[in-house]
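Notes follow once the structure below has been shown.
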Amino acid sequence: MTRPLLIADREETLRAELHDVRRPQLRRLVDECERLTSLELPDEHPLASITYLGAGAANLALAYRLTGQEHYLTELRRWLVPSLSFPHWGRANMPDHDLDAGWILHGLGQAYSWAGDALLDDEREALRDKLILQGTRLYEFAVESEGGWWSSSYWQNHNWICYAGLATAGYALRDDHEPAALWTERAKENFDTVLDMLPEDGSNNEGVVYWRYGVPWIVTYLDLLKAEEGIDWFARSDYLRETFWYRLYQAAPDLERIIDHGDCHDRRSGHPVAMYYKLAAEYRIPQCQWLAEKVADDFFWREAYESGVRPGVRAEAYQELLWFDPEAPSADPYDLPTSRWFRDLGLVVGRTSWDADAVMVSFKASPGGGHKAWETAHRIKAEKGWTTLNAGHHHPDSGTFTLLGHGAYLALDEGYSSRKRTAHHNAVLVDGNGFVNEDRYHVFENLPYEHQASILTATLADGWVHAVSETAAMYDPSLGVERARRHLVLTPSGALVVLDDLRAATSRTWTFLLQTEHPARAEGDGHWVAEAGTGRLRVTALDDADDVETVPTPVHANPTSSTPSLAIEKTLHTLRRSTAPTTRGRFLTVLEPRAWHDEARAEVSVEDSGDTVTVHVDHDGVRETVTLDLELGTPAGAGTSGPGFAARIDVAATAGAGAGTTE
């Protein structure tokens, strides 16, 4: 038997700390093991995923290793039976060659390392032989499929999970199976490449839920590599050093829920306490340790029971215990900047404060997978013919935004869909068409290089958030779209000003889409209101749309191929405003987040001089003035400014032009 993975040099220290500084993590591990004893295990391989069998075994094995209590070993024996008896791991999708295999190799590899010596000879041999069989199958598939699917999908959770599982089993078997060294070396080569490929801004094109599901496996591998080979790749990873900030700035104002760009099963799957502990320990990020504690104390069990992701947060108890660093600094995020620009993903995020009822906008535009992935994947395709970018969880959502406020989701993202469409987002359609290659699961697959969107500029200052996206290249070239430029401004009070500047070679019908939780109710004269529980969204249109309607937009998803029966159904309510056919369309929209009981409406006015548009938002004796230059020049005047943008606040403003004192 090999030395115990991850804990060989600190086993006695860990055991001693269970009495004091690690006592809460021991409690979590004990609770999880008690839950495992109540679960009925399958006699035959179900059609659904069996990833949970690996995590269950790891938790029980660590509990036995650290406490020596025999009942954990007895329960571990029960949990090993299905994995050892099933001829294949995974039934519905790619048996032995995908997520089930990766998860279970990881869990059973640790169980073999931590508790194998305590098993009877025939039990230990059966576990060893099964690990060898399944590890060989996964390794051979990775070699044979190089250049396709997860074997070379460097930005994808399947790659990270399968290679981390293969590495875990390889390290566990290194003294018992000489070819296992091939597994660990291949995993090392893969993650060596992965770390170079990931964006330096820490963002994730798959969205928060798959960030929460996949990125912990990168951390898992690096932890193994550091413990088992003494190689520290945490220090070289800009991605991991920055990725907590991506997660924090994609947290809803209450910090419990999420911004759901990308494929998100729900709004509560987003908090990996174990990984927060590890990132805090490696990079000494105080807010990361604080959020781990906040989640563990206040959010954990609601996510455990309402999350759509399995095995879910409860399964990570063993990692929470191992990754917690009692000496890591802790500090709340309330003094951090309220806005941030993640350049690779083209993600601009801003909130009016760190209060739970704050207004928050998240706005994005980038090529599929983000700029670095798009550039790199096309280069590798040209050089080797490999398909490395499998961005099936990235939506056709460039130039779109999500708006939250007063505890409510006000302007929505779709969350998850099997057939992804631009029409599911707060987007613009051209003659009823969304982006090229849409209405399928993987909208960026085989998409030519030139189909790219981007954030052209962003200004984040003095409580103002301004950004401009360009998405013209995302439409079918036959539509002749020359400009699809969206200017977005979040004001310090929380009003959102959205100006769409649209141009085409021939006349087109342009349609502005706004997705809300419940149907927007017309109030006349270009005003609507959409209720949303504790909040409401007031909508003011300052343009001459030719046709307006509110329609239901159904969205369907089967989130995982490993569990075909799992389905998510939801209905968005879409406010559609369309122009008559024209070569130059323009939509100017002001969105006001309000509390549910707040009947007030700001006075909104506009001054349009062609390439410069000025919007005044008057409320509560304050005027917020936004000037947008459609050619991205910097407008003159006092206040806050940047490319294409200038803004100021006047107190005691009149309904006329700009009287008052500038703050």
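Only this structure's heavy atoms are used, side chains among them; waters, hydrogens and symmetry mates stay out.
- Applying the ring-ring contact (aromatic ring centres under 6.0 Å, His included) test to W217 and every residue at least two apart in sequence or in another chain returns W103, H106.
- Using cut-offs of 30° and 60° for the angle between ring planes, the W79 and Y52 rings count as perpendicular.
- Taking 4.0 Å as the cut-off between side-chain N and carboxylate O, R379 and E375 do not count as a salt-bridged pair.
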Inset, instruction - Could you please spell out the steps behind the side-chain hydrogen bond (donor to acceptor under 3.5 Å, both in side chains) verdict for H442 and N390? - result: CA-CA 8 Å; H442 188 345; N390 286 283; 4.5 Å; no
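- No donor-acceptor pair closer than 3.5 Å links the side chain of R267 to the backbone N or O of D260.
- A salt bridge links D196 to R236: one of the charged nitrogens lies within less than 4.0 Å of a carboxylate oxygen.
- Side-chain N or O atoms of Y246 include one that pairs as donor or acceptor with a backbone N or O of N204 at under 3.5 Å.
- In this structure, the side chains of W149 and H158 come closer than 4.5 Å at one or more pairs of heavy atoms.
- At a threshold of 4.0 Å, the pair D238-R241 counts as salt-bridged, since one of the basic side-chain nitrogens sits closer than that to a carboxylate oxygen.
- The side-chain contact (heavy atoms from CB on, under 4.5 Å) check on V30 picks up L26, R27, E34, Y72, with sequence neighbours excluded.
- Ion pairing between R3 and D175 fails under the 4.0 Å rule for side-chain N and carboxylate O.
- Using cut-offs of 30° and 60° on the angle between ring planes, the pair Y283 and F234 is perpendicular.
- Judged by distance alone, the side chains of W155 and N205 never bring a donor and an acceptor atom under 3.5 Å apart.
- For the residue pair Y112 and A172, the shortest heavy atom distance occurs at CE2-O, 3.7 Å.
- Partners of A142 according to the side-chain contact (heavy atoms from CB on, under 4.5 Å) rule, which considers only residues two or more places apart in sequence or in another chain, are W150, S151, Y163, R186.
- For D121 and R124, the salt-bridge test passes: some basic side-chain N is under 4.0 Å from an acidic carboxylate O.
- A side-chain donor from one of Q134 and R137 sits under 3.5 Å from a side-chain acceptor of the other.
- Residues E569 and P554 form no side-chain contact, since every pair of their non-hydrogen atoms from C-beta on lies 4.5 Å or further apart.
- Counting only heavy atoms from C-beta outward, the side chains of L222 and D232 never approach each other to under 4.5 Å.
- When the ring-ring contact (aromatic ring centres under 6.0 Å, His included) test is applied to H371, no partner is found at least two apart in sequence or on another chain.
- In this structure, a donor-acceptor pair under 3.5 Å is present between the side chains of Q156 and E206.
- Residue H395 is tested with H425, H261, H424 for a ring pair (Phe, Tyr, Trp, His ring centres under 6.0 Å); the sole match is H425.
- Using cut-offs of 30° and 60° for the angle between ring planes, the Y416 and H393 rings count as perpendicular.
- The number of heavy atoms from other shown groups lying within 6.0 Å of CG (D43) does not exceed 12.
- Looking only at side-chain heavy atoms (C-beta outward), L76 and L73 come within less than 4.5 Å of each other.
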Inset, instruction - Kindly indicate, with the supporting measurements, whether the criterion salt bridge (Lys or Arg N to Asp or Glu O under 4.0 Å) is fulfilled by E303 and R212. - result: CA-CA 12 Å; E303 177 166 337; R212 178 261 172 280; 3.7 Å; yes
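- Of the charged side-chain nitrogens involved, at least one lies within less than 4.0 Å of a carboxylate oxygen, so that E75 and R78 count as a salt-bridged pair.
- Classification of R65 and E11 as a salt-bridged pair holds, one side-chain N sitting under 4.0 Å from a carboxylate O.
- Under 3.5 Å, the side chains of T387 and E445 contain no donor-acceptor pair of N or O atoms.
- Both the sub-6.0 Å distance and the 45° axial angle are not jointly satisfied by R247 relative to the ring of Y276.
- For F444, the ring-ring contact (aromatic ring centres under 6.0 Å, His included) test picks out H394, with sequence neighbours left out.
- Classification of R314 and E32 as a salt-bridged pair fails, no side-chain N sitting under 4.0 Å from a carboxylate O.
- In summary, the side chains of W183 and T136 do not present any donor paired with an acceptor at a separation below 3.5 Å, with no hydrogens or angles considered.
- For E200 and K372, the salt-bridge test passes: some basic side-chain N is under 4.0 Å from an acidic carboxylate O.
- Qualifying ring-ring contact (aromatic ring centres under 6.0 Å, His included) partners for F342, counting only residues two or more places apart in sequence or in other chains: none.
- With a 4.5 Å cut-off on side-chain heavy atoms, I258 and Q250 do not count as touching.
- A salt bridge is defined here as a Lys NZ or Arg NE, NH1 or NH2 lying under 4.0 Å from an Asp or Glu carboxylate O, and E414 with R421 fails to meet this definition.
- Between E438 and R419, the closest side-chain pair of non-hydrogen atoms is not below 4.5 Å.
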Inset, instruction - Could you check D263 against K420 for salt bridge (Lys or Arg N to Asp or Glu O under 4.0 Å), going step by step and ending with a plain yes or no? - result: CA-CA 10 Å; D263 276 344; K420 297 172 173 60; 3.2 Å; yes
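- In summary, the side chains of S83 and K130 do not present any donor paired with an acceptor at a separation below 3.5 Å, with no hydrogens or angles considered.
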